[in-house]
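Right, one structure below, let's go through it.
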Amino acid sequence: MSKKEKKIKIEDGNETFENEDVTLENGVEEPEVSVVEDEETEEENTEDNTEKDPLEAALDENAKLRDQLLRTIAEFENYKKRTLKEKAELILNGGEKTITAVLPVLDDFERAIADQTEDPKAIKEGMELIFHKFVKTLEGLGVKKIETEDADFNVDFHEAIAMVPGVGDDKKGKVIDCVQTGYTLNDKVIRHAKVAVGQ
């Protein structure tokens with residue numbers, strides 16, 4: 001028989017009983033009793049505490065998406081307002097570059113008019129100089145003259161206002177005379193050349 005010492009305290013109201021020695025029969029020791037909690041159950045409880053309620057998670061996601069949508073709408077409205085403002089400014093001040101380039105030619109005209117010379121040759125030379133300066137200014141802005149001399153008639157550039165018969169086979173379908181000069185702006189026709197075409 002083995003003997004195991006164990007102190008047992010029993011409280012009942014005011015009385016306390018203590019038993020110092022406990023003898024086990026048949027030589028079997030008293031098994032140790034321990035409480036082992038299920039680890040999986042504890043982990044599940046922890047996860048349940050950290051995970052949000054599906055409804056709450058959906059509401060949070062909905063709030064985030066709503067905020068993102070409102071911000072996007074606000075940005076788009078600001079973009080529209082800015083674009084309209086820039087367009088209005090472009091319409092009002094779009095010709096500023098052109099006017100600035102043409103002003104020196106206007107200055108030349110003012111000087112020519114203020115000149116008191118009566119020499120026809122000098123006046124003609126002055127006008128030719130101003131004309132060539134004006135043409136160069138327009139070319140700098142992308143404006144070019146449509147060439148019509150000995151050119152084949154082309155509906156993309158020419159507008160036929162007259163047909164000239166009996167000009168010979170070599171002149172058929174060709175520009176005979178230019179009544180009004182045509183111009184292109186950056187390779188786009190802004191005015192067709194009015195021409196007479198051989199028939």
statement: Smallest heavy-atom separation, Val197 atom then Ile176 atom, equals C-CG1, 3.9 Å
task: Look up atom CG in Leu59 and atom CG in Asp53, then write down how far apart they are to the nearest 0.5 Å.
output: 9.0 Å
query: In Å, rounded to the nearest 0.5 Å, how long is the span from CG of Asp177 to NZ of Lys194?
result: 13.5 Å
message: With a 4.5 Å cut-off on side-chain heavy-atom distances among I, L, V, M, F, W and Y, is there a chain of contacts connecting Val102 to Leu129?
response: no
- prompt: Measuring from Leu70:CG to Glu75:CD, what's the distance to the nearest 0.5 Å?
  reply: 11.5 Å
query: Below 4.0 angstrom, N of the basic side chain to O of the carboxylate: do Asp150 and Lys171 qualify?
result: yes
- line: One should read off an interatomic distance between Gln180 CD and His192 NE2, to the nearest 0.5 angstrom, of 12.0 Å
task: Working to the nearest 0.5 Å, report the span between CG of Leu103 and OG1 of Thr98.
output: 10.5 Å
CD (Glu96) with more than 12 external heavy atoms under 6.0 Å: no
message: Please give me the minimum heavy-atom distance between Val189 and Asp156, naming the atom from each residue.
response: CG2-O, 3.4 Å
message: side chain to side chain contact (heavy atoms under 4.5 Å, CB included) for Leu69 and Ile73? Distances and angles first, verdict last.
response: CA-CA 6 Å; Leu69 177 64; Ile73 290 172; 3.9 Å; yes
- prompt: Are Val155 and Val195 co-members of a hydrophobic cluster defined by side-chain heavy atoms under 4.5 Å apart?
  reply: yes
- prompt: Roughly how far apart are Glu61 CD and Leu65 CG, rounded to 0.5 Å?
  reply: 4.5 Å
Distance-minimising heavy-atom pair for Lys145 and Thr181: CG-CG2, 3.4 Å
message: Same cluster or not: Leu138 versus Leu185, using hydrophobic residues (I, L, V, M, F, W, Y) connected whenever any side-chain heavy atoms lie under 4.5 Å apart?
response: yes
message: A quick test of your reading: do over 12 heavy atoms of other residues, nucleotides or ligands sit less than 6.0 Å from CD of Glu110?
response: yes
query: Should Leu141 and Lys97 count as side-chain neighbours, where that means a heavy-atom distance under 4.5 Å?
result: yes
query: Under a 4.5 Å side-chain heavy-atom rule over Ile, Leu, Val, Met, Phe, Trp and Tyr, are Leu90 and Leu84 clustered together?
result: no
- request: For His158 and Asp152, work out which heavy atoms get closest and say how close.
  value: CE1-O, 3.4 Å
task: Check Val143 against Tyr183 and note the closest heavy-atom contact, atom names and distance.
output: CG1-CD2, 3.9 Å
field: Phe153 side chain reached by Lys172 side chain, heavy atoms, under 4.5 Å
entry: no
query: Where do Asp107 and Arg111 land on the salt bridge (charged side-chain N to carboxylate O under 4.0 Å, His left out) test, with the steps shown first?
result: CA-CA 6 Å; Asp107 294 337; Arg111 283 191 284 270; 5.2 Å; no
- request: Using a cut-off of 6.0 Å, state whether more than 12 heavy atoms not belonging to Glu128 lie near its atom CD.
  value: yes
message: I'd like to know whether CE of Met163 has more than 12 heavy-atom contacts from other residues, nucleotides or ligands below 6.0 angstrom.
response: yes
query: Does atom CG of Asp187 have more than 12 heavy-atom neighbours, drawn from other residues, nucleotides or ligands, at distances under 6.0 Å?
result: no
query: Quick check: are there more than 12 heavy atoms from other residues, nucleotides or ligands sitting under 6.0 Å from CZ of Phe134?
result: no
message: With a 3.5 Å distance limit and no angle check, can you tell me whether Gln116 reaches the backbone of Ala114 through a side-chain donor-acceptor pair?
response: yes
message: If I compare all heavy atoms of Thr137 with all of Ala101, which pair ends up nearest, and what's the gap?
response: CG2-O, 3.3 Å
query: Is it the case that more than 12 heavy atoms not belonging to Glu77 sit under 6.0 Å from its CD atom?
result: yes
